[in-house]
Amino acid sequence: MALKTLLKLTLVFTLMVIIMGAYTRLSDAGLGCPDWPGCYGHIKVPTADHELARVETHFPGHTVEPEKAWLEMIHRYIASGLGVLVIIILVSCLKSREAPRKLPVFIFLLILFQGALGAWTVTMKLMPVVVMSHLLGGFTLLSLLTLLYLRTSGFRIPGGDSPMRAYRTLALTCLAVLVAQILLGGWTSSNYAALACTELPFCEGDWSQNLRLADAFSPFQGTHPSFEFGVLDYHARMTIHVAHRFGAMITAGLVGLLAIRLLRRAHSSALRSAGGVLLLLLALQVALGISNVVLGLPLAVAVAHNLGAALLLVTLVFINYALWRKV
């Protein structure tokens with residue numbers, strides 16, 4: 001299989017892992033299997049009588065919930081497939097004289113760390129800082145695989161589109177701000193703060209007088225039997241939610257500005273198209289964010305919001321690559 005085709009397949013798998021991870025988390029199925037990498041000591045969800053008897057013996061106090069357990073295991077199966085693809089990419093790049101080598105090695109190390117984070121997510125009972133780190137690792141993997149694909153494809157903007165290079169700093173700032181917003185989104189989700197505010201544009205009541213920044217953003221939240229459904233009080237969750245909304249406004253403003261600049265001033269059709277895609281994705285992402293609040297976080301909309309963030313990230317990686325790469 002050609003390296004470019006392999007990378008395309010791996011990018012699809014990475015998106016599937018991100019989507020499935022979001023679906024599992026939002027379905028409250030993150031602890032559907034209380035052990036790792038199997039499920040109650042099995043490679044699949046135990047359903048037979050003798051398997052359930054073993055669960056009662058080795059996992060006292062636990063009840064198998066097949067729907068949640070299968071969500072978690074399917075997520076793990078897809079993630080395992082992604083790991084295999086990353087290993088094949090690494091071997092292919094090391095064998096090739098033309099392919100990059102340092103980047104595939106880093107991606108391989110990252111997928112190993114992601115596996116460890118996946119295990120800690122379960123064994124540490126959905127500790128928010130671990131869940132958020134696992135989410136960030138998935139988005140980082142998506143970004144690096146996109147970068148590797150662009151490098152192996154030899155993509156360049158014809159002529160370098162020199163006038164647009166003045167917007168490199170803006171593009172890089174947009175990328176950094178989006179990553180920060182994804183982190184805020186992960187922190188909001190892992191602390192079950194998505195429904196802490198149900199009004200727009202900010203929050204109901206005297207929210208500005210009840211912000212608890214120290215409590216809301218402390219990575220250490222004490223010792224608890226489980227962090228499922230969150231352990232923070234309302235004011236801390238409301239603070240996280242409000243921060244995510246302010247972050248969304250800043251992100252939308254900067255990314256929207258970059259998209260309009262590309263549409264209006266880029267000479268390259270590739271950059272103009274990227275600007276159009278960026279603006280469309282941004283509009284959809286804002287609409288999905290508002291819908292999450294207005295409709296009470298419906299599962300399909302919340303998962304689509306995660307996918308929208310991933311597609312925005314890929315688009316910004318492409319734009320930055322195009323603007324910063326030497327002609």
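In this text the structure is predicted, and so the values were computed from the model without any measurement.
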Interatomic spacing from CZ in Phe59 to CZ in Arg54 - rounded to 0.5 Å: 8.0 Å
Side-chain (Ser96) to main-chain (Cys93) donor-acceptor, under 3.5 angstrom: no
Steps toward side chain to side chain contact (heavy atoms under 4.5 Å, CB included) verdict (Val314, Ser143): CA-CA 6 Å; Val314 168; Ser143 300; over 6 Å; no
Val277 reachable from Leu254 in the ILVMFWY side-chain graph, under 4.5 Å edges: yes
Check against side chain to side chain contact (heavy atoms under 4.5 Å, CB included), Asp206 and Ser208: CA-CA 6 Å; Asp206 194 14; Ser208 61; 3.9 Å; yes
Flag, side chain of Asn320 to backbone of Leu172, donor-acceptor distance under 3.5 Å: yes
Pairs flagged by ring-ring contact (aromatic ring centres under 6.0 Å, His included) wherever residues 68-91 is involved - sequence neighbours left out: none
Side chain to side chain, Pro225 and Lys125, heavy atoms closer than 4.5 Å: no
Any donor-acceptor pair under 3.5 Å from Asn306 side chain to Ala22 backbone: no
Working for side chain to side chain contact (heavy atoms under 4.5 Å, CB included), residues Val317 and Leu175: CA-CA 7 Å; Val317 168; Leu175 182 59; 4.3 Å; yes
Approximate separation, where rounding is to 0.5 Å, of Leu148 CG and Leu3 CG: 6.5 Å
Shortest non-hydrogen contact between His62 and Pro34, atoms and distance: CE1-CB, 3.7 Å
Min side-chain heavy-atom separation Arg165-Trp324 under 4.5 Å: no
Tyr192 vs Asp28 side-chain heavy atoms within contact, under 4.5 Å: yes
Contact check, side chains of Tyr40 and His58, non-hydrogen atoms, under 4.5 Å: no
Distance, nearest 0.5 Å, that separates CG of Leu280 from OG1 of Thr315: 9.5 Å
Hphob cluster co-occupancy, Leu288 + Val286, side-chain heavy atoms under 4.5 angstrom: no
Minimum side-chain heavy-atom gap Ser291-Val294 below 4.5 Å: no
Main-chain N/O of Gly186 paired with Ser189 side-chain donor or acceptor, under 3.5 Å: no
Value rounded to 0.5 Å, distance of CG in Leu117 from CD1 in Ile111: 10.5 Å
Smallest separation among heavy atoms of Ala310 and Ile18, with atom names: CB-CD1, 4.5 Å
Exam field: side chain Glu51 to backbone Thr47, donor-acceptor pair closer than 3.5 Å: yes
Heavy-atom closest contact (Leu271 atom, Ala266 atom, distance): CB-CB, 3.7 Å
Leu150-Leu85 co-clustered via ILVMFWY side chain contacts under 4.5 Å: yes
Pair Gln221, Asp215: side-chain N/O donor-acceptor within cut-off below 3.5 Å: no
Closest heavy-atom pair and its distance - Cys33, Val122: O-CG1, 3.4 Å
Hydrophobic cluster identity match, Leu263 and Leu311, side-chain contacts under 4.5 Å: no
Exercise: identify the closest heavy-atom pair between Cys39 and Gly32: SG-O, 4.4 Å
Side chain to side chain contact (heavy atoms under 4.5 Å, CB included) assessment of Gln114 paired with Leu82: CA-CA 11 Å; Gln114 271 294 90; Leu82 175 60; over 6 Å; no
Side chain to side chain donor-acceptor pair (under 3.5 Å) pairs, two or more places apart, involving residues 228-247: Gln181-His244, His241-Arg245
Residue Phe220 excluded, over 12 heavy atoms near CZ under 6.0 Å: no
Pro46 side chain near Val64 side chain, heavy-atom distance below 4.5 Å: yes
CZ (Arg272) with more than 12 external heavy atoms under 6.0 Å: yes
Ile182 CD1 to Phe139 CZ distance, which is reported to the nearest 0.5 Å: 5.0 Å
Gly115 versus Trp36, closest heavy-atom pair with distance: O-CZ2, 3.6 Å
Distance, nearest 0.5 Å, that separates CG of Leu141 from CG of Leu136: 11.0 Å
Glu72 bridged to Arg76 by N-O distance under 4.0 Å: yes
Heavy-atom side-chain proximity of Asn292 to Pro298 below 4.5 angstrom: yes
Connected via hydrophobic side-chain network under 4.5 Å: Leu213 and Ile240: yes
Side chain proximity check, Phe217 to Leu184, heavy atoms < 4.5 angstrom: yes
